[in-house]
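None of these values were measured; they are calculated from a predicted model. Below, read A as the first sequence line, B as the second, and so on, with proteins coming before strands; counting in each chain starts at 1.
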Amino acid sequence: MTRTLDPVRPRTGGGLLLRVVPPGLYAGRPHALVERAYLVNRRAWMSVVSGFFEPLFFLLSLGFGFGRLVTSAEGVDYPVFVAPALLAASAMNGAVFDATFNLFFKFKYAKVYDAVLATPMGPVDIAVGEAAWCLIRGGLYSAGFLGVMLAFGLVASPWALLALPVCLLVALAFAAVGMAAATFMRTWHDFDLVQLAVLPLFLFSGTFYPLSVYPGWLRAVVGWTPLHHAIELLRALTTGDVGWGDLGHVAYLLVMVVVGVAVASRRLGRLLTA
Amino acid sequence: MDHVPGSLRAALIAVENHWTWYRRNWRATAVTSFLQPVLFLLAMGVGFGSQVQPGEATGGHRYVVFLAPALLVLTAVQNAMFESTYAVFSSFKWQKTYHGVVATPVTPAQVLHGQLLWIALRLLSGTAVFLAVAVALGAVTSPWAVLAVPAAVLAGMAFSAPVVAYTATREKPDSFNALYRFALVPMTLFTGAFFPLDQLPAWLHPLAWATPVWHGIELARGAAFGTLAPLPAAGHVAYLAAFVVVGTVLGRRHFHRRLTA
């Protein structure tokens, strides 16, 4: 007979979340999962660092190579136009792949979460911890990319100071939705569906050319897609063309976060504790 | 000894093995091999291209026409990337199918030949579908563009053969990410596919010339636009063929070492 020597009670006074979430789902320790992710990634630092170069290569190639073919878009120089979009896209890509491929692998094959649940931690700790790690990693990439934009003179306004927190919001929104989607996946084949969602968003959300290229109905459709809102918001901040309407983009991203986290933690809880 | 297959037959048996698997699982790669290049052609060629004035930089063509043959080559090289890294690695390490095959009279070299032949067929089907879509989108103006397909497959194999040889030496898949980001992405972006090479600083040109992608793009574009002279064409083909040959020779050595030890 084994007995737990030191039963961990849900902490009292741990904030609203602890009181709302049923006991057993959340132990208030998502930082333990972040620490684990850090320890694992310290071994594979090369693959972490290399993630920074992909958007940089895109910026150099598209900004400066394309920039000779098309000198300006929406009234600004082409590199100024495309850089914030690449920033948003890289935040999305990083978050989605971390939240789907890595989560699925740990969930299904490495059985990391089964092990985690054998400790006092619950499914909500897992969801929050994974999301936090995604954010830390994505935040580092975004900060690096913003530094490069600054060095190339692609930042036109002090509003750009808000670009980093917005990048984190974008990453969180896509990570939350991606994580929720990953819990519905059965095999690796389903990941082609992730590609099928992410790639058109990357290519058609007004990333590389202004939406005025599209006919009216298509513009309306794209106007409802998530990456478009992220791009518009970041573009407004780095070019300084900020208005109250940009709060609508923030609201859109916040809704993604709330819905994604709610679905993901509920599904993880059901799948893991069943 | 009557049951020992000849070299060609053994390679075909290996291809049949891949085909049997692929027939049931092709959906898993349909988006990456067929849809991705088409979406790129739509976004970059049609969408972005609508902003580009046809001019000297695009050889006087509309941008989508300028882009299509180069994108055909990129499609082949990108498909070759996955097929030559994770797919091959899996056959060594995770599924160990190669180990199963060499327990039969098929030799490690024949396994390699079959694998390369299979990759070439995958590239051929991917580029052929892409060409058909490009024609449907009006991105192809000359029937000679058909020659861009063999050029793309050759360029893809020039990348694939050395990478397969490299994969055969790997015990862990960790370095494939770096290969993707530091070899494939720069080859995609800086070798003249999306804009002419002379828009980049001169010191970058020799790096681009060294890549199989640049030679493939020169061949494909030259064939499609009828601007290719016989001598440069022979030079590009020879350069790409040399990659295939060297990659295959190295691959035979590594396959033999890994599968007979």
Side-chain angles (χ1 to χ4, degrees), chain A residues 41 43-74 78 81-82 97 101 109 187-215 218 222, chain B residues 24-58 63 66-67 86 94 172-182 184-201 204:
Chain A
N41 278 275
R43 290 270 190 85
W45 62 271
M46 180 64 183
S47 107
V48 175
V49 170
S50 70
F52 166 70
F53 285 91
E54 208 175 320
L56 183 62
F57 285 145
F58 264 92
L59 179 66
L60 291 177
S61 169
L62 302 186
F64 298 98
F66 269 33
R68 303 276 175 86
L69 298 175
V70 173
T71 44
S72 72
E74 286 184 344
Y78 190 73
F81 174 81
V82 82
F97 286 103
F101 287 82
Y109 295 100
T187 66
W188 288 109
H189 297 189
D190 290 340
F191 281 100
D192 240 29
L193 298 176
V194 176
Q195 289 271 22
L196 194 59
V198 170
L199 193 68
L201 286 181
F202 173 55
L203 290 171
F204 298 105
S205 296
T207 323
F208 303 108
Y209 46 85
L211 284 194
S212 55
V213 168
Y214 294 138
L218 196 54
V222 174
Chain B
R24 299 190 64 166
N25 295 288
W26 62 273
R27 275 181 223 88
T29 56
V31 171
T32 33
S33 24
F34 300 116
L35 203 57
Q36 182 169 345
V38 172
L39 292 177
F40 259 91
L41 186 67
L42 278 173
M44 296 304 185
V46 180
F48 176 80
S50 68
Q51 308 286 295
V52 181
Q53 294 296 325
E56 201 189 334
T58 61
Y63 185 72
F66 168 79
L67 185 62
Y86 287 99
W94 293 323
K172 283 197 229 161
D174 296 352
S175 54
F176 296 151
N177 250 336
L179 189 68
Y180 174 81
R181 281 173 172 148
F182 293 117
L184 188 70
V185 171
M187 283 205 303
T188 308
L189 293 171
F190 299 104
T191 53
F194 294 103
F195 49 86
L197 195 59
D198 54 28
Q199 294 186 359
L200 290 173
L204 272 174

Sort [X] into side chain, backbone, both or neither according to what part of it lies under 4.5 angstrom from a heavy atom of chain B.
{"X": "A:F58", "result": "both"}
{"X": "A:F52", "result": "neither"}
{"X": "A:L60", "result": "both"}

- prompt: OG1 of B:T188 to CZ of A:F57: how many Å apart, nearest 0.5 Å?
  reply: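 Separation between the atoms: 11.0 Å.
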query: Quick one: CG on B:L39 to CG on A:L196, what's the gap to the nearest 0.5 Å?
result: 8.0 Å
query: For B:Y180, which residues count as a ring-ring contact (aromatic ring centres under 6.0 Å, His included) partner, sequence neighbours excluded?
result: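 With neighbours one apart ignored, the set is empty.
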query: Checking B:F40 against chain A: side chain, backbone, both or neither under 4.5 Å from a heavy atom?
result: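 For B:F40, heavy atoms of backbone and side chain both lie under 4.5 Å from chain A.
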message: Does any backbone or side-chain atom of B:L200 lie under 4.5 Å from a heavy atom of chain A? Answer side chain, backbone, both or neither.
response: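 For B:L200, no heavy atom lies under 4.5 Å from chain A.
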task: Check whether any side-chain heavy atom of A:L69 sits under 4.5 Å from a side-chain heavy atom of B:F194, and report yes or no.
output: no
- prompt: Applying side chain to side chain donor-acceptor pair (under 3.5 Å), which residue pairs with at least one partner in residues 189-200 of chain B are found, sequence neighbours left out?
  reply: none
query: Going by residue number, which parts of residues 205-212 of chain A are within reach of chain B, meaning a heavy-atom gap below 4.5 Å?
result: A:F208, A:Y209, A:P210
Under 3.5 Å, which donor-acceptor pairs link side chains of residues 44-54 of chain B to any protein atom two or more places apart or in another chain?
| residue | atom | partner | partner atom | Å |
| --- | --- | --- | --- | --- |
| B:S50 | OG | B:G47 | O | 2.6 |

